[in-house]
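Report on the structure given below.
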Amino acid sequence: ELYHMEEAAIRGHQIARHNLGCHEGRNGRMKRAMEHFIIAANLGDDLSMKKIKNGYVEGEVRKEDFAAVLRAHQAAVDATESPQREEAELAKQRGLSRIPQF
């Protein structure tokens with residue numbers, strides 16, 4: 001399982017990268033965990049951004065690093081926004097999605 005998570009993270013899967021950070025944190029390797037969270041947050045992962053914020057508050061992430069991650073996270077989120085995505089999200093919330101729900 002860990003091997004596949006690492007492979008997915010290497011290929012840019014932000015959730016896999018976040019999960020690797022959680023794995024490292026559970027094993028007491030906080031510096032390495034924060035590195036995974038930084039990469040995932042740079043890809044736009046909100047949960048990783050929260051972990052980075054907590055790491056900053058606890059002194060595990062430097063102010064400069066936190067500021068850089070915050071800017072990169074916002075840029076990634078902005079890059080994924082589009083009128084089509086917003087329309088699809090509204091349709092989903094209204095139950096008007098053309099994709100069958102299982």
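- No continuous path of ILVMFWY side-chain contacts below 4.5 Å connects Phe37 to Ile39, so the two sit in separate hydrophobic clusters.
- Closest non-hydrogen pair, Ser48 versus Ala41, comes out as CB-N, 3.7 Å.
- There is no path of hydrophobic side-chain contacts, each under 4.5 Å, that joins Leu47 to Met30.
- Using modelled atom types, one finds no donor on one side chain facing an acceptor on the other under 3.5 Å when comparing His23 with Asn19.
- Closest heavy-atom contact between Met49 and Leu70: CE-CD1, 3.7 Å.
- In this structure the side chain of Lys92 reaches within 4.5 angstrom of the side chain of Glu89, judged on heavy atoms.
- Of all the heavy atoms in Lys51 and Met34, the pair that sits closest is O-CE, 3.8 Å.
- Side-chain N or O atoms of Arg17 include one that pairs as donor or acceptor with a backbone N or O of Ala9 at under 3.5 Å.
- More than 12 heavy atoms of other residues, nucleotides or ligands sit less than 6.0 Å from atom CD of Glu64.
- The list of salt bridge (Lys or Arg N to Asp or Glu O under 4.0 Å) pairs with a residue in residues 26-41, not counting sequence neighbours, reads Glu24-Arg29, Glu24-Arg32, Lys31-Glu35.
- Evaluation of the salt bridge (Lys or Arg N to Asp or Glu O under 4.0 Å) rule for Glu7 yields Arg11 as partners, not counting sequence neighbours.
- Of all heavy-atom pairs between Ala8 and Ala16, the closest is CB-CB, 3.7 Å.
- Residue Ile15 qualifies as open at atom CD1: its count of foreign heavy atoms under 6.0 Å is 12 or below.
- When the salt bridge (Lys or Arg N to Asp or Glu O under 4.0 Å) test is applied to Asp46, no partner is found at least two apart in sequence or on another chain.
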**Message:** Applying side-chain contact (heavy atoms from CB on, under 4.5 Å) to Val61 and Asn54, what does each step give before you reach the verdict?
**Reply:** CA-CA 9 Å; Val61 176; Asn54 291 340; over 6 Å; no
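- Ring pair Phe66/Tyr56 is parallel by interplanar angle, where below 30° counts as parallel and above 60° as perpendicular.
- Considering all non-hydrogen atoms of both residues, Asn42 and Val69 come closest at OD1-CA, 3.8 Å.
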